[in-house]
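Encoded as structure tokens, the structure appears first; notes follow it.
Since the model is a prediction, treat every value here as computed from it, not as a measurement. Side chains included, hydrogens not; waters and symmetry mates left out as well; all remaining heavy atoms used.
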Amino acid sequence: QVQLVESGGGLVQAGGSLRLSCAPSGRTFSSTAMGWFRQAPGKEREFVASIGWSIGDTIHADSLKGRFTISRDDAKNTVYLQMDSLKPEDTAVYYCAARRVGFATRNLHDYNYWGQGTQVTVSS
């Protein structure tokens with residue numbers, strides 16, 4: 001029902017910044033909670049951050065808190081992931097996800113919709 005499209009990935013130097021965006025294609029995602037996950041080749045998908053609906057609750061992975069910030073703009077039907085002070089270990093494909101329940105969650109299995117992902121590569 002909800003189709004998500006990520007953008008904003010690319011190649012950056014360590015210490016640099018990127019801002020990822022996730023927007024619906026042909027449909028809004030109002031009333032849904034959103035999340036960002038990442039996956040390196042051959043590794044499991046890892047939680048990055050999540051943001052809820054009306055309550056505006058957010059969750060960030062402990063290891064990323066202070067560097068990564070999730071936000072959403074309901075008027076633009078877009079969720080963002082601001083990534084600062086990037087490190088080589090942040091290199092991965094970053095996925096946007098949505099769930100119909102409005103509370104933020106770390107659990108990958110709670111999400112119902114997934115984007116195709118956008119590559120983030122951080123060089124040393």
Side-chain angles (χ1 to χ4, degrees):
Q1 189 176 53
V2 178
Q3 186 174 359
L4 306 174
V5 180
E6 304 97 334
S7 63
L11 174 64
V12 298
Q13 291 278 348
S17 298
L18 283 175
R19 187 195 191 198
L20 305 184
S21 299
C22 175
S25 178
R27 188 177 179 86
T28 65
F29 53 88
S30 60
S31 301
T32 67
M34 306 295 296
W36 286 99
F37 292 78
R38 67 186 186 183
Q39 187 170 24
K43 297 184 178 180
E44 65 183 14
R45 197 162 295 188
E46 175 189 20
F47 172 76
V48 173
S50 180
I51 185 166
W53 173 234
S54 60
I55 194 173
D57 54 317
T58 60
I59 303 173
H60 296 81
D62 291 339
S63 62
L64 304 177
K65 194 172 184 179
R67 296 195 299 118
F68 288 17
T69 305
I70 190 171
S71 63
R72 67 190 298 166
D73 185 338
D74 292 332
K76 297 181 179 180
N77 296 314
T78 302
V79 65
Y80 304 97
L81 182 68
Q82 179 66 43
M83 304 185 295
D84 299 316
S85 302
L86 284 163
K87 304 175 181 179
E89 55 260 43
D90 296 321
T91 296
V93 176
Y94 283 71
Y95 295 92
C96 177
R99 62 192 300 250
R100 302 195 69 83
V101 177
F103 296 101
T105 177
R106 296 173 176 266
N107 193 340
L108 178 150
H109 299 100
D110 289 337
Y111 292 86
N112 308 109
Y113 308 98
W114 294 87
Q116 291 295 110
T118 184
Q119 177 70 46
V120 172
T121 303
V122 184
S123 62
S124 60

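How far OG of S17 is from CZ of F68: 9.5 Å, rounded to the nearest 0.5 Å. With rounding to the nearest 0.5 angstrom, the CD atom of E46 is 6.5 Å from the CG atom of L64. Atom CG of N107 sits about 8.0 Å away from atom CZ of R99, to the nearest 0.5 Å. A distance of 9.5 Å separates OG in S7 from CZ in R19, rounded to the nearest 0.5 Å. Separation of atoms CD (Q39) and CD (E44) is listed at 8.5 Å; rounding is to 0.5 Å. Atom OG1 of T91 is separated from atom CD of Q119 by 7.0 Å, given to the nearest 0.5 angstrom.
Remark: the backbone N or O of S50 is not paired with any side-chain donor or acceptor of R106 at under 3.5 angstrom. Side-chain atoms of E6 come within 3.5 Å of backbone N or O of Q116 as a donor-acceptor pair.
A continuous path of Ile, Leu, Val, Met, Phe, Trp and Tyr side chains, each step under 4.5 Å between heavy atoms, connects I59 with W114, placing both in one hydrophobic cluster. Under a hydrophobic clustering in which Ile, Leu, Val, Met, Phe, Trp and Tyr are joined whenever their side-chain heavy atoms come within less than 4.5 Å, directly or via other members, V48 and V120 fall into the same cluster. Cluster membership check: Y113 shares its hydrophobic cluster with I51, using side-chain heavy-atom separations under 4.5 Å among Ile, Leu, Val, Met, Phe, Trp and Tyr. V12 and V93 fall into different hydrophobic clusters, defined by Ile, Leu, Val, Met, Phe, Trp and Tyr side-chain heavy atoms under 4.5 Å apart, directly or through other members. Under the 4.5 Å side-chain heavy-atom criterion for ILVMFWY residues, a single connected hydrophobic cluster contains both L4 and W36.
Considering all non-hydrogen atoms of both residues, M34 and I70 come closest at O-CD1, 4.1 Å. The minimum heavy-atom distance linking L86 with L18 is given by the pair CD1-N, 3.9 Å. Residue P88 comes nearest to A14 through the heavy atom pair CD-CB, 4.2 Å, listed as atom of the first residue, atom of the second, then distance. Nearest approach of L20 to M83, heavy atoms of both residues: CG-CE, 3.7 Å. In terms of heavy-atom proximity, A104 sits nearest to D57 at N-OD2, 3.1 Å. V101 and A33 get closest at one heavy-atom pair: O-CB, 3.4 Å.
E89 has its side chain out of reach of V122: every pair of non-hydrogen atoms, C-beta onward, lies at least 4.5 Å apart.
Each of Y95, F47, F103, F37 was compared with Y111 under the ring-ring contact (aromatic ring centres under 6.0 Å, His included) criterion, and only F37 meets it.
The side chain to side chain donor-acceptor pair (under 3.5 Å) pairs that include a residue from residues 58-71 are R67-D90, where partners are two or more places apart or lie in different chains.
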